[in-house]
Amino acid sequence: MISKSTHYAKQGEVARNWVLIDAEGKVLGRLATQIAMILRGKNKPQFTPNSDCGDFVIVINADKVQLTGNKADHKTYYRHSGYNGGLKAESFRTAMERHPEEVIRRAVRGMLPKTTLGRTQLGKLKIYAGSEHPHAAQNPTKIELEA
């Protein structure tokens, strides 16, 4: 009789890599799904849903990300202060002018688990508006995402 057992990755035995992604000309949602998959570690054969086995992700050129159709005109981000009448609304164009890093971070955050594990995975995401980043010492490998 052959018995199969599933290998579960432990925290100490996971090898973490650094990945560099250029967001220039990419569609926001498709970029965010690929980033979330790498942060969770779903692209690795030893993926374990209850442990952090993903890689670090560096995103450059965040200010050059795009949306399809006319979503750039109609997309609105909402947040609430918790007080009466405290609903704030911000359009996509205004958000891209003020803080393009947060647009990508918010899209990726919605695709990660809403637990402490998801928050630690989001901490491994480094986003920069320009083409420069301070993580050259980590020797990130640049990858091309699917279209």
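- For Arg109, the salt bridge (Lys or Arg N to Asp or Glu O under 4.0 Å) criterion is met by no residue, not counting sequence neighbours.
- Judged as a salt bridge (Lys or Arg N to Asp or Glu O under 4.0 Å), and not counting sequence neighbours, the contacts of Glu90 are Arg98.
- Hydrophobic clustering places Ile143 together with Leu39 (ILVMFWY residues linked when any side-chain heavy atoms are closer than 4.5 Å, directly or through intermediates).
- Among pairs with a residue in residues 113-123, none fulfils salt bridge (Lys or Arg N to Asp or Glu O under 4.0 Å), at least two apart in sequence or across chains.
- Glu144 is linked by a side chain to side chain contact (heavy atoms under 4.5 Å, CB included) to Lys26, Lys142, counting only residues two or more places apart in sequence or in another chain.
- In plain terms, the two heavy atoms of Cys53 and Val14 that are nearest each other are CA-CG1, 3.5 Å.
- For Tyr128, the ring pair (Phe, Tyr, Trp, His ring centres under 6.0 Å) test picks out His135, with sequence neighbours left out.
- Atom CD of Gln138 is separated from atom NZ of Lys126 by 9.0 Å, given to the nearest 0.5 angstrom.
- Across all non-hydrogen atoms, the minimal contact from Asn61 to Ala23 is O-CB, 3.7 Å.
- Atoms CD and CE, from Gln66 and Met96 in turn, are 9.0 Å apart once rounded to the nearest 0.5 Å.
- The two residues Ser131 and Ile60 have their closest heavy-atom pair at O-CD1, 4.0 Å.
- A single hydrophobic cluster is not seen to contain both Val108 and Ile58; linkage of ILVMFWY side chains at heavy-atom distances under 4.5 Å, directly or through other members, places them apart.
- A pairwise comparison of heavy atoms in Ala62 and Pro100 identifies O-CB, 3.9 Å as the closest pair.
- Going from atom CZ of Arg105 over to atom NE2 of His99 covers 11.5 Å, rounded to the nearest 0.5 Å.
- Of all heavy-atom pairs spanning Lys71 and Thr68, the tightest one is NZ-OG1, 2.9 Å.
- With Thr48 contributing its side chain and Ala9 its backbone, the two residues share a donor-acceptor pair below 3.5 Å.
- With sequence neighbours left out, Glu24 forms a salt bridge (Lys or Arg N to Asp or Glu O under 4.0 Å) with no residue at all.
- Contact detail for Leu20 and Pro140: the closest heavy-atom pair is CB-CB, 4.0 Å.
- For Asp73, the side chain to side chain contact (heavy atoms under 4.5 Å, CB included) partners two or more places apart in sequence, or in a different chain, are Asn70, Arg93.
- Residue Ile35 forms a side-chain contact (heavy atoms from CB on, under 4.5 Å) with just one option from Val19, Leu112, Val59, and that option is Val59.
- Both Ile127 and Leu31 are members of a single hydrophobic cluster when ILVMFWY side chains are connected at heavy-atom separations under 4.5 Å.
- Every residue was checked against the side chain to side chain donor-acceptor pair (under 3.5 Å) condition with Ser5, not counting sequence neighbours, and none meets it.
- Each ring-ring contact (aromatic ring centres under 6.0 Å, His included) pair with one or both residues in residues 33-56, not counting sequence neighbours, appears once here: Trp18-Phe56.
- Using a 4.5 Å cut-off on side-chain heavy atoms (C-beta onward), Leu117 and Asn50 make no contact.
- More than 12 heavy atoms of other shown residues, nucleotides or ligands fall within 6.0 angstrom of atom CD in Glu13.
- Taking the side chain to side chain donor-acceptor pair (under 3.5 Å) definition, one finds that Thr33 meets it with nothing, sequence neighbours left out.
- Residues Ile38 and Val65 share a single hydrophobic cluster, defined by chaining ILVMFWY side chains whose heavy atoms lie under 4.5 Å apart.
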Can I get a per-line list of side-chain donor-acceptor pairs under 3.5 Å for residues 74-81, giving both atom names and the distance, sequence neighbours left out?
residue	atom	partner	partner atom	Å
Thr76	OG1	His74	O	3.4
His80	ND1	Gly82	N	2.8
Ser81	OG	Tyr83	N	3.3

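- Under the salt bridge (Lys or Arg N to Asp or Glu O under 4.0 Å) criterion, the residue pairs touching residues 32-61 are Arg16-Asp52, Lys44-Asp55, Asp52-Lys124, with sequence neighbours excluded.
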